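Nothing here was measured: the structure is a model prediction, and the numbers come from that model. Below, chains carry the letters A, B, ... as their sequence lines are ordered, and counting in each starts from 1.
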Amino acid sequence: MTGGAVARASAVVFVAAMLQAVIVSSLVIGGGAPDLLLIVVISVGLLRGSIPGAMYGFAAGLVVDLLTLDTLGITSLVLTLAGFWAGRYVETTGRGRRLAPLVAVGVITVLAAAFAYVLHYMLGAEVVARHALVISLAPTLLLNLLLALPVYSLVRASVREPDRLERSPEVEVLV
Amino acid sequence: MTVRRTPTTTLSSRGGGPLRRRLAVGCLVLLSLILITLSFRSGDDGQLSGVHSAGSTVLKPFAVGFERLAQPFRDAYEWTDSLLAARSEAERLRIENRELRQRAIQSEFALQENDYLRALQDYIDGPRFPGDFEPISAEVIGRPAGAFTQAIVIAAGSRNGVRVNDPVVTADGLVGLVTRIAPRTARVQLLTDQGAAVSAVNLPTRAEGIVRHARGTRETLVLDRVRKRDVIKVGDDVVTAGWRASGLSSLYPKGIPIGEVSSVGQTDTDLFQQVQVDPYVDFGSLDAVLVLVPLERPS
């Protein structure tokens, strides 16, 4: 990634982290709130690969944990793995698939919720599994899927850099 | 003639080799685990409290900025939402207003009588709400995500005199308790959090119980541990009990409104009644709160 792309991606992730912590978390619809930050981290992972996905996920989680005075590292760990998985998915099987953002957001939303539940449970939080994994997760999953493609397009427009992947493939004529 | 495409760079090659990839993600996961361990074990005064304080102080202006930016949209949504229910709400409030006027007169009379009797008896009382507290108003600047915690972050901290365990209210009623503190921000555990519990009384009958979060729902409370012989009716007001015994006392002063009883039930097998409480505070749309700072802190 070039310096400009890194700066743009950092700005996008930072704004998403602030929006998530300040506004989006309170937009509870049908018992769950969308996770804009997760979608942005997944999008970065899909667009830039597993290592940048993991790094931006870690940084975004740290910003949220610092701002909300939460136990440091929990959101970072969840988002690090989310960004990494998204990157690995597109590096292996999902590359070139139009619905890759939808599939990644859908699967990773469920996995991230389950992983976060286990983490909180291990740290002694009193969380009802039915509430965390059914009542709250179902609307969150639906909202995340609705937001997946628009957010992915926005992130792609923001972090795009002219590289060989996005240029037309060169064609060599052999006579 | 043969046409051949030159190979393009793949994300796989751009993402580094397998070793580099594993090393990078391994380091980040390890760092996260170290942060969790240190943060979890050290609590509010540990090694990471400085990092927490500095981080939240740096991020606070951004959070306030974003909050201000979102406020007009939030107001517009709430205005539209309230407009839909305005007519029926107005009629309900008119009836309620008549009832409350009657009650206010009776309460004023009882208050005067109570003050007179207290003076007569030299009665020593615990801290009372709101007289023995200085309210500090604070903007809500953050809401942790997920179904795991019900909390808010407010723009007032230790520099404003706020301490851990200070109660937090709005004009409608009890919101929760300060659980973490930074110089300029504080985290408030909402009453709807799984870990929150408040000793409370049913105002008309003085039936005691513990208000806690109803399992499986987001914003419903239950008044737990109410004896079967106590009389509780739908519509009764539930307020904080503010008990004091053997040198210990409730973190909440008595008399803070919590909610209204929405349903009462009991079964033969249960030891206690099942009382559901509809909170007065709308926890989903908290914009500003009051932190009740005691005028005299116990040493």
Check against side-chain contact (heavy atoms from CB on, under 4.5 Å), A:Leu77 and B:Leu33 = CA-CA 7 Å; A:Leu77 183 55; B:Leu33 290 173; 3.8 Å; yes
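Contacts of B:Val51 with chain A are made by both backbone and side-chain atoms, with heavy-atom separations under 4.5 Å. Heavy atoms of A:Val24 lying under 4.5 Å from chain B are absent altogether. Proximity to chain B (any heavy atom under 4.5 Å) is restricted, for A:Leu62, to the side chain, taken from C-beta onward. Heavy-atom distances place the backbone of B:Ala186, and not its side chain, under 4.5 Å from chain A. For B:Leu69, no part sits under 4.5 Å from any heavy atom of chain A, backbone or side chain. At a 4.5 Å heavy-atom cutoff, A:Tyr121 makes no contact with chain B through either its backbone or its side chain. For A:Leu81, the part sitting under 4.5 Å from any heavy atom of chain B is the side chain, from C-beta outward, and nothing else.
Interface check for chain A: of the options B:Thr185, B:Asp193, B:Leu35, the most heavy-atom pairs under 4.5 Å are formed by B:Leu35. With respect to chain A, the highest number of heavy-atom pairs below 4.5 Å among B:Ala63, B:Gly65, B:Gly195, B:Ala70 belongs to B:Ala63. Each of A:Thr140, A:Thr71, A:Leu37 has some count of heavy-atom pairs under 4.5 Å with chain B, and the biggest count is that of A:Thr71. Of the listed residues A:Leu19, A:Asp65, A:Val63, A:Leu123, the one with more heavy-atom pairs under 4.5 angstrom with chain B than any other is A:Leu123.
Side chain of B:Arg143 to backbone of A:Ser26: no donor-acceptor contact under 3.5 angstrom is found. A donor-acceptor contact shorter than 3.5 Å links the side chain of B:His52 to the backbone of A:Asp70.
Closest of all the heavy-atom pairs between A:Ile23 and B:Phe66 is CD1-O, 3.9 Å.
You'll find the side chain of B:Leu38 stays beyond 4.5 Å of the side chain of A:Leu72, heavy atoms only. Counting heavy atoms from C-beta on, the side chains of B:Ser32 and A:Thr80 come closer than 4.5 Å. Counting heavy atoms from C-beta outward, A:Val22 and B:Ile141 have side chains that stay 4.5 Å or more apart. A:Leu69 has its side chain within reach of B:Ser56: a pair of non-hydrogen atoms, C-beta onward, lies under 4.5 Å apart.
Heavy atoms from other residues, nucleotides or ligands lying under 6.0 Å from CZ of A:Phe14 number more than 12. Other residues, nucleotides and ligands contribute only 12 or fewer heavy atoms inside 6.0 Å of the CZ atom of B:Arg225. When the shell of 6.0 Å around CE of A:Met18 is examined, it contains more than 12 heavy atoms from other residues, nucleotides or ligands.
Expressed to the nearest 0.5 Å, how far CD of A:Glu91 lies from CZ of B:Arg21 amounts to 5.5 Å. To the nearest 0.5 Å, atom OG of residue A:Ser76 and atom CG of residue B:Leu31 are 8.0 Å apart. A distance of 7.5 Å separates OG of B:Ser39 from CD1 of A:Ile74, quoted to the nearest 0.5 Å.
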